[in-house]
Amino acid sequence: MINFRYHVVSLTAVFLALAIGLVVGTAALNGPVADSLKASVDGLSKDNQQLRQSVQNLEKELELEEDFAAEVAQVMLPGTLTGRRVLVVVLPSGRDQADGIVEMLATTGATMTGRVDVQEKLVNPENNSALMELAVTAARPTVPTDGLPGNGHGVETSSALLASALLDRAAGGTPASESDRRAVLKTYADEGYLNVEEPVAAAAEAVVVISGPPYVDKDATTKDDSVVKVVEQFDQHAHLVVAGNGSAGGNVVAQVRADPALSQTISTVDNANTIQGQLVTALALAEQITTDVVGQYGVGTDAALLPKLRQ
């Protein structure tokens, strides 16, 4: 009869055999496995070094390309917009690339009438009614409410009033007086909708609107649509280039390109966050003003790298 002691002895023998087998097996394989692991580690280390070197090379190439673009700008841009009156409108998402674009525009010889920084408050849907009322309050004799959109969209209505104050009027119209232009801007600046560091010197004939990535908060769709409303109203009064960062996700560059009407009157640049894109922004504005040609430029789908050079 098999008793409990027999079971204990049998199980002990089994586990002892397993332990001996593991020890013997590990000892037998230790050499080949260790060698294989060491070879793998050495290979990964070499791959990592190569990848690190590749990244450094790419960073150096990018730096050289930016240096090249900066030097080319000094050859291509001077004189291309001499005497032309240009306004820069900076949207909240476009702050990072604004200074570079302004510098490129200055190189063209353009007369910079001013820079207006749009604040986040302007595109906040909570301020729709306030903007409708402010358009009426801010109006002046040479910047009247006649002809302003009457669809109840505060951003659109206020943008139309601001465009009338800052830009040349349509054919046959008269630009706003200097005092009225300053009064309109002061009204919006005092309410926190705009930031204007220096007085806008004169009515502009062309505008560069500087933007960035699309909004991603809960009001993203409404805010992105409001930005397009700003662009639409300024486009009705002047030549216009939208300089942005990217062309996807619903940002203003993407929306302009997707609109059959807007894409015929507004030029866009989707890599204005780079020196190359900032150079192309200035070239695109010069192209539109001097030849009335509109184009879509950058690195996005169906975008050209830069405008064609014309004599």
Side-chain angles (χ1 to χ4, degrees), residues 58 61-62 65-66 68-70 72-73 86-105 117-118 120 122-123 155-156 159 206-236 238-289 291-309:
L58 289 172
E61 288 177 12
L62 178 60
E65 287 177 1
E66 291 180 342
F68 177 78
V72 166
V86 179
L87 172 72
V88 174
V89 176
V90 185
L91 298 173
S93 61
R95 304 275 192 262
D96 291 343
Q97 51 260 29
D99 290 343
I101 292 173
V102 169
E103 185 176 334
M104 288 291 182
L105 292 171
D117 283 40
V118 174
E120 195 72 37
L122 185 76
V123 297
V155 174
E156 184 175 25
S159 296
V207 186
V208 174
V209 176
I210 306 175
S211 69
Y215 286 96
V216 294
D217 59 16
K218 64 181 180 62
D219 297 317
T221 300
T222 302
K223 289 181 177 179
D224 286 333
D225 290 343
S226 292
V227 168
V228 175
K229 295 295 184 185
V230 175
V231 170
E232 286 177 338
Q233 294 306 312
F234 276 78
D235 181 47
Q236 293 183 22
H239 299 287
L240 193 147
V241 173
V242 173
N245 178 3
S247 58
N251 72 347
V252 64
V253 171
Q255 293 200 55
V256 167
R257 291 180 178 180
D259 189 299
L262 295 179
S263 60
Q264 296 301 310
T265 59
I266 300 174
S267 297
T268 63
V269 179
D270 62 42
N271 61 337
N273 57 308
T274 67
I275 294 179
Q276 295 91 326
Q278 293 161 12
L279 166 62
V280 172
T281 297
L283 291 174
L285 187 63
E287 176 188 51
Q288 192 176 142
I289 290 178
T291 67
D292 207 30
V293 171
V294 172
Q296 316 305 326
Y297 304 108
V299 296
T301 304
D302 297 328
L305 287 176
L306 74 166
K308 294 181 179 179
L309 300 179

By salt bridge (Lys or Arg N to Asp or Glu O under 4.0 Å), Asp217 pairs with (sequence neighbours left out) Lys223
Evaluate side chain to side chain contact (heavy atoms under 4.5 Å, CB included) for Asn273 paired with Asp96, printing each intermediate quantity in order. CA-CA 7 Å; Asn273 57 308; Asp96 291 343; over 6 Å; no
To the nearest 0.5 Å, what is the distance between [atom1] ([X]) and [atom2] ([Y])?
X      : Y      : atom1 : atom2 : result
Glu120 : Leu91  : CD    : CG    : 10.0 Å
Asp219 : Ser226 : CG    : OG    : 9.5 Å
Leu305 : Gln276 : CG    : CD    : 10.0 Å
Ile210 : Gln97  : CD1   : CD    : 7.0 Å
Gln296 : Ile266 : CD    : CD1   : 9.0 Å

Can you give each donor-acceptor pair under 3.5 Å made by side-chain atoms of residues 255-264, sequence neighbours left out, with the distance rounded to 0.1 Å?
{"residue": "Gln255", "atom": "NE2", "partner": "Gly250", "partner atom": "O", "Å": "2.9"}
{"residue": "Arg257", "atom": "NE", "partner": "Thr268", "partner atom": "OG1", "Å": "2.7"}
{"residue": "Arg257", "atom": "NH1", "partner": "Asp270", "partner atom": "OD2", "Å": "2.9"}
{"residue": "Arg257", "atom": "NH2", "partner": "Thr268", "partner atom": "OG1", "Å": "3.2"}
{"residue": "Arg257", "atom": "NH2", "partner": "Asp270", "partner atom": "OD2", "Å": "3.2"}
{"residue": "Arg257", "atom": "NH2", "partner": "Tyr297", "partner atom": "O", "Å": "2.7"}
{"residue": "Asp259", "atom": "OD1", "partner": "Ala261", "partner atom": "N", "Å": "2.8"}
{"residue": "Asp259", "atom": "OD1", "partner": "Leu262", "partner atom": "N", "Å": "3.0"}
{"residue": "Ser263", "atom": "OG", "partner": "Asp259", "partner atom": "O", "Å": "2.8"}
{"residue": "Ser263", "atom": "OG", "partner": "Pro260", "partner atom": "O", "Å": "3.4"}

TODO: Step by step, work out the side chain to side chain contact (heavy atoms under 4.5 Å, CB included) result for Asp292 and His239.
DONE: CA-CA 8 Å; Asp292 207 30; His239 299 287; 3.8 Å; yes
Given the options Val252, Val209, Asp235, Val155, Val230 meets side-chain contact (heavy atoms from CB on, under 4.5 Å) only with Val155
Notebook entry, point to check: Counting only heavy atoms not in Glu103, do more than 12 fall under 6.0 Å of its CD?
Noted result: no
Looking at side-chain heavy atoms only, is the closest gap between Val72 and Leu279 below 4.5 Å?
-> yes
Is the shortest heavy-atom distance from the side chain of Ser211 to the side chain of Val242 under 4.5 Å? yes
Note: Asn251 and Gly246 closest approach over all heavy atoms is ND2-O, 2.9 Å
So salt bridge (charged side-chain N to carboxylate O under 4.0 Å, His left out) across residues 241-253, not counting sequence neighbours, yields none
> For Val102, does its backbone N or O pair with a side-chain atom of Gln278 as donor and acceptor, under 3.5 Å?
Replying inline: no
